[in-house]
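Here is the structure we will look at.
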Amino acid sequence: MPMKHVVVIPGEGIGPEVILPTVDIISELVTEIEFEFAEAGKSYFEKTGESISKTALEKAASADAILFGATTSFRKASYRSPILALRQDLELYANVRPAKAFLPGLKKVDLVIIRENTEGLYTQNEEADLYGVTTYRRVSRKACEKIVKFAFAWGRQNSRRKMTCVHKANVLRASDGLFLDIFNAEASRQKKIATSDMLIDSTAMRLAMAPEEFDMIVTLNLYGDILSDLAAGLIGGMGFAPSANYGAKRALFEPAHGSAPDIAGKGIANPMASLLCGKMMLDYLGFSKEAKMLMAAIEKTVATHHNSIDVYGRCNTAACIESLRSILGIGEAHKEPARVKRAKMKRKNGR
Ligand code: NAI
Ligand code: MG
């Protein structure tokens, strides 16, 4: 297989704490991936006046995939959220957020939320006047068609059975109405996937009460953001919530959680969301055998109770990772990780 190029943006807070061990594990499973690192986030902004450098955006735009940790938001007008910049600049229009319960004792949740990723309220287009602020919300025909088509294609490829379109078309009749009409038109052409629609507020209640009723949800940007955190709450929290942002030419993989300043630096972050992102990235890049191995190791680590303290386990991040590495048969994390060794060799060989 030809060499794949992955740009890693560890970010800050728990971002690097979970992404770097994920990169190490992937480096040991697959030698045909070249990793390149770039900085972004609040601390980078404080140093440089930019939240993400132009070079990082350019590197990401030519990479096969991007692995993103998490950054800390900053309420300053000139601060452009790095993840929103990447999603918008690279036209990563589809955000896929699986929520699967691995922990024993939880309800049998296995759902996937597919969220429109480029518009809605996330264009950060706000206008202040003397009396308050107006926020513009864009819902375009093109973006609705793209996300609905993507969702059905993803459902077919992954053998899913049901799709619920989530909206608020009873109030937002024109915008959410457009999204629902486009969904219904596409739904009438589906043979294998059962379809229905539900209001966003009813969905929140049904998800809390009977999450096993849902298989796939396709929805607009803000609804998907909120519902996917709700779904994460059903499977043990943000530490188990991966996400993937797909565009036509490349994809970005990021745990759905943020930089978690409340636990950053303590070495106790749950690395599972990040490892699940690694698994999704391996699948995307065509390393399906290694993706399966990683998934099996994640499931076994959880089933053998090597869990982090956010889910009442006894392991810190390093102990979760050691358990997973020994299941994979790649032994203890080295002082000099595989990714560092490979970078040194490359420099020595003058590449
Ligand atoms: P958060 O996801 O960082 O944390 C929410 C809660 O979940 C916290 O109690 C945290 O300790 C816990 N948590 C999250 N991930 C965890 C993990 N892997 N293991 C164990 N516990 C975990 O969300 P919050 O607190 O709302 O935001 C913190 C910062 O991160 C903010 O500046 C926010 O804007 C930013 N953020 C960045 C994102 C990104 O870079 N893509 C996404 C979401 C938030
Ligand atoms: Mg969110």
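Counting starts at 1 for both ligands and their atoms, in listed order. Computed from a predicted model, the values in this text were never measured in an experiment.
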So, [X] and [Y], do they make that salt bridge, N to O below 4.0 Å?
| X | Y | value |
| --- | --- | --- |
| D283 | K292 | no |
| R250 | E91 | no |
| E39 | K47 | yes |
| R160 | D110 | yes |
| R325 | E28 | yes |

[X] neighbourhood, listing ligand 1 atoms whose heavy-atom distance to it stays under 4.0 Å:
| X | value |
| --- | --- |
| M238 | 14 (C), 15 (N) |
| A269 | 19 (N) |
| F68 | 40 (O) |
| E254 | 41 (N) |
| A70 | 40 (O) |
| G239 | 17 (C), 18 (N) |
| T72 | 32 (O) |
| P261 | 28 (C) |

Would the F68 and F253 ring centres measure less than 6.0 Å apart?
->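 No, ring centres 6.0 Å or more apart.
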
is_close_aromatic(Y44, F74), centroid dist under 6.0 Å = no

I'd like to know if [X] contacts ligand 1, where contact means a heavy-atom distance under 4.0 Å to any ligand atom.
| X | answer |
| --- | --- |
| V18 | no |
| F74 | no |
| A273 | no |

Under 4.0 Å from [atom], is there any protein heavy atom?
| atom | answer |
| --- | --- |
| atom 24 (P) of ligand 1 | no |
| atom 3 (O) of ligand 1 | yes |
| atom 12 (C) of ligand 1 | no |
| atom 42 (C) of ligand 1 | yes |
| atom 33 (C) of ligand 1 | yes |

Have a look at I14, I309, I83 and point out the one with the heavy atom closest to atom 16 (C) of ligand 1.
-> I14

Tell me which one of G258, S259, G236, P271 gets a heavy atom nearest to atom 29 (C) of ligand 1.
->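 Going through G258, S259, G236, P271 one by one, S259 has the nearest heavy atom to atom 29 (C) of ligand 1.
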
May I ask you to check whether T135 and E126 show a side-chain donor-acceptor distance below 3.5 Å?
-> yes

How about K162: does its NZ atom have over 12 heavy atoms from other parts shown lying under 6.0 Å from it?
-> yes

Protein heavy atom at shortest distance from atom 22 (C) of ligand 1 |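 For this ligand atom, the closest protein heavy atom is I263 CD1, 4.0 Å.
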
Look at atom 19 (N) of ligand 1 and say which protein heavy atom is nearest, naming residue and atom and giving the distance to 0.1 Å.
-> N270 N, 2.9 Å

If we only count heavy atoms from C-beta on, is the E186 to K149 side-chain gap below 4.5 Å?
->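 E186 reaches K149 side chain to side chain.
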
Stepwise salt bridge (Lys or Arg N to Asp or Glu O under 4.0 Å) check, D181 with R141 = CA-CA 10 Å; D181 288 346; R141 179 176 294 281; over 6 Å; no

Contact region, T71 to ligand 1, non-hydrogen atoms below 4.0 Å, reads both

Mode of D262 contact toward ligand 1 - side chain, backbone, both, neither (heavy atoms, under 4.0 Å) =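 Side chain only.
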
Where do R138 and E116 land on the salt bridge (Lys or Arg N to Asp or Glu O under 4.0 Å) test, with the steps shown first?
-> CA-CA 11 Å; R138 178 79 183 151; E116 199 292 315; over 6 Å; no

So, does K168 use its side chain to make a donor-acceptor pair with the main chain of G177 at under 3.5 Å?
-> no

Do you see an N/O/S atom of D225, backbone or side chain, under 2.8 Å from the Mg ion (ligand 2)?
-> yes

Check step by step if salt bridge (Lys or Arg N to Asp or Glu O under 4.0 Å) holds for K42 and E12.
-> CA-CA 8 Å; K42 183 176 174 227; E12 54 212 330; over 6 Å; no

